[in-house]
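Here the structure is a predicted model, which means the values were calculated and not measured.
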Amino acid sequence: MLKQADFVNRLISTLDDAEIAERYQAGDPLVVQQIQGYAAYFELLAQEIEVSTIEPFIKTRDRSILADATNKGILPVATPCQHTLEVINNAANSITLSQGRVIEDSQGGRPWRLMASVTVAPGQTGDVLVEQSELREVTYSVPLSEPFHRTPVLLSEGLFLAGLNVRDTESTPNTYRHAPRWMNAAPLEYAVTITTDSLRRVIVEFGDDARAGRTVQTAQNFVFQLIECYGAVDTPRLKDAALVDVLTTDEQRVRVRFKQGGLVRAGADPLSVAQLRLLASYPALYDENAVFLGNFDYLARQKFMTRTDYLAVWNETVQERAYGVDISDINRLHLATVAKNPAEQATIQTDIQQLISRADSLYDGRVKVRAVVERPYQLIVTGRLAAVHDIDTVAAQIRGLLTGKYGKGTIAASRWMPDGINSQEISTLLRTSISAFQDRISDFVVSSENLALNPVKPHEWLYLTNGSISVVLTRTADTGGSLWTL
């Protein structure tokens, strides 16, 4: 929301009378008070408009969605890509590349860090894991001692945050752990919380000695260790690479390249506004804490939505209702997911299991994986069109619109939909997007398959295809023939 200072600056910029501008610069009370009065009025009006446009339930505006993500503590964190690198030693001596050495790929000049050391004998080839990320440290000096001191963290241009560690500069440095929303953070504990704002800027918040964490002191120094990455990487194009720094003569004869089929983890950008819109539909009490975590699906989706096309996590009650009673399902969670990259399907399943076990140790080793079954959703659109519209063109527009919104691989179809696709949402989408249905003559009705006879189970991936959408369009009753005579 615009503040009074924003309106003052805007009003000043519109002063085209040189005399009035000079009077304002000189501080003439008549001009200054008048401009500030207008600005104060506009600020109050902006507040009224903001309140009248609040979306308490279904959030559709980008501003409301980003505000919801900020309140829920969803950070704009990217996932760095990991790949296997081949090190070919053409030198006469063995060479060793230590952990942390940096290479650059020949496709985009992106830096990659070696995640382990590798030693390769002469004429041999060795494999080592590399990650597309950069490690950078920033020193911060506290300007003022205050409870819950906050400071923004500036990222490198074009890069996303992948990790952040905070430590002080004592003789024996203390590492500050991340405590989301200060949950389970004791007073005087070395802890911080990381938040964001509506502009998706990363902010580090220190604590308060009397409540949670530790109060920072004036001139106290901290080191922020940042891990930054480019997010999604076009892995099929990864071929050759090169060492950034050549330290010995033997390293001049070393060749490095990305191993064919060596993808370990695909990179992913931070959650988009469209993905945050889906997370905004969950109640605000869901977070990363096991006490309040009534729905593990939210936690898994928050962390892995960018790397999966379908994801569902359900508990014992849902399992019994959908599949029947089985003693082996007691105190178990169930998982069904489809990775965007099939090569990391098993890795994502394991990572989700570990994520759930960290949130609640009760489910350590108690998350059962079920294979996903694709299920095209049967939908029928019956409508009447005025004579000015072409039936085949409108039918093609309907199929393209619905598959683009609810088709395979879309965000709307990435979750379990036990009641099918909301017909009201489909009707609203057709009414606002298909111009043929926006006159006073044309009309349509949306119907779907009877899910009471064949319920949708959690492992069934429901989506729309061109074949599952039946479009039946006819002309309106007043079309054709001469209905009036003179």
Side-chain angles (χ1 to χ4, degrees), residues 1-3 50 54-56 59-80 133-138 140 142-143 146-167 176-185 191-208 212-213 216 222-232 267-289 292-293 298-307 355 359 411:
M1 185 183 66
L2 296 177
K3 300 297 184 181
E50 182 73 14
I54 287 178
E55 300 172 310
K59 297 175 176 59
T60 58
R61 295 187 304 153
D62 291 356
R63 188 169 186 173
S64 300
I65 294 168
L66 291 175
D68 180 82
T70 300
N71 293 333
K72 291 181 178 179
I74 302 176
L75 301 175
V77 177
T79 301
S133 61
E134 297 182 38
L135 188 63
R136 183 168 62 93
E137 290 189 349
V138 178
Y140 174 70
V142 179
E146 59 180 348
F148 297 108
H149 177 72
R150 294 162 59 90
T151 178
V153 177
L154 300 180
L155 303 179
S156 302
E157 185 176 358
L159 297 179
F160 302 116
L161 180 67
L164 174 59
N165 295 317
V166 180
R167 68 175 188 272
Y176 286 64
R177 75 174 183 90
H178 177 213
R181 301 185 183 183
W182 293 113
M183 190 64 62
N184 296 328
V192 296
T193 187
I194 303 174
T195 61
T196 182
D197 57 14
S198 59
L199 299 179
R200 309 306 285 157
R201 293 177 297 191
V202 178
I203 300 172
V204 175
E205 181 179 282
F206 295 91
D208 178 20
V216 295
F222 293 90
V223 176
F224 297 158
Q225 188 180 65
L226 304 173
I227 300 178
E228 301 167 311
C229 68
Y230 283 96
D269 295 338
L271 293 171
S272 64
V273 174
Q275 293 167 332
L276 291 174
R277 180 177 289 108
L278 178 57
L279 292 179
S281 63
Y282 288 82
L285 59 88
Y286 293 148
D287 58 13
E288 299 183 12
N289 187 271
F292 299 102
L293 197 54
Y298 171 80
L299 173 62
R301 189 168 297 280
Q302 177 183 341
K303 301 297 184 181
F304 292 94
M305 186 189 301
T306 56
R307 299 167 58 193
L355 175 68
I411 297 174

*Passes side chain to side chain contact (heavy atoms under 4.5 Å, CB included), F222 versus T151? Steps please.*
CA-CA 11 Å; F222 293 90; T151 178; over 6 Å; no
*Worked check of side chain to side chain contact (heavy atoms under 4.5 Å, CB included) between V138 and V153*: CA-CA 9 Å; V138 178; V153 177; over 6 Å; no
*Step by step, would you call R200 with T70 a side chain to side chain contact (heavy atoms under 4.5 Å, CB included)?*
CA-CA 8 Å; R200 309 306 285 157; T70 300; 4.3 Å; yes
*Yes or no on side chain to side chain contact (heavy atoms under 4.5 Å, CB included) for L75 and V202, after CA distance, side-chain angles and deciding distance?*
CA-CA 7 Å; L75 301 175; V202 178; 5.7 Å; no
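Using bins of under 30°, 30° to 60° and over 60° for the plane-to-plane angle, the ring pair F224/Y140 lands in the parallel bin.
Here the closest non-hydrogen pair linking A185 and A212 is O-CB, 3.5 Å. Nearest heavy-atom pair across A78 and F160 is CB-CB, 3.5 Å. Between I65 and V273 the shortest heavy-atom distance is CG2-O, 3.9 Å. Listed here is the closest heavy atom pair of R167 and Y176: CA-CD1, 4.3 Å. Heavy atoms only, all atoms of each residue included: A162 and P80 are closest at CB-CD, 4.0 Å. The two residues T306 and A268 come nearest to each other via the heavy atoms OG1-CB, 3.3 Å.
Side-chain atoms of D269 come within 3.5 Å of backbone N or O of A232 as a donor-acceptor pair. Checked by atom type and distance alone, the side chain of Q275 pairs as donor or acceptor with a backbone atom of S272 at under 3.5 Å. Between the T79 side chain and the G267 main chain, no donor and acceptor come within less than 3.5 Å of each other. A donor-acceptor pair is defined here as one N or O able to donate and one able to accept, closer than 3.5 Å; such a pair exists between the side chain of T193 and the backbone of A179.
Legend: residues meeting salt bridge (Lys or Arg N to Asp or Glu O under 4.0 Å) with R307, ordered by chain and number and at least two apart, are E344. For E228, the salt bridge (Lys or Arg N to Asp or Glu O under 4.0 Å) criterion is met by R136, not counting sequence neighbours.
To the nearest 0.5 Å, atoms CG (N165) and CD1 (I227) are separated by 6.5 Å. Going from atom CG of L161 over to atom OG of S156 covers 10.5 Å, rounded to the nearest 0.5 Å. To the nearest 0.5 Å, atom CG of residue L271 and atom CG of residue L276 are 5.0 Å apart. The CD1 atom of I74 sits 4.5 Å away from atom CD of Q302, with the distance rounded to the nearest 0.5 Å. L155 CG to L226 CG: the interatomic distance, rounded to the nearest 0.5 Å, is 6.5 Å.
The side-chain heavy atoms of R277 and I411, taken from C-beta on, include no pair separated by under 4.5 Å. No side-chain heavy atom of H149 sits under 4.5 Å from any side-chain heavy atom of V204.
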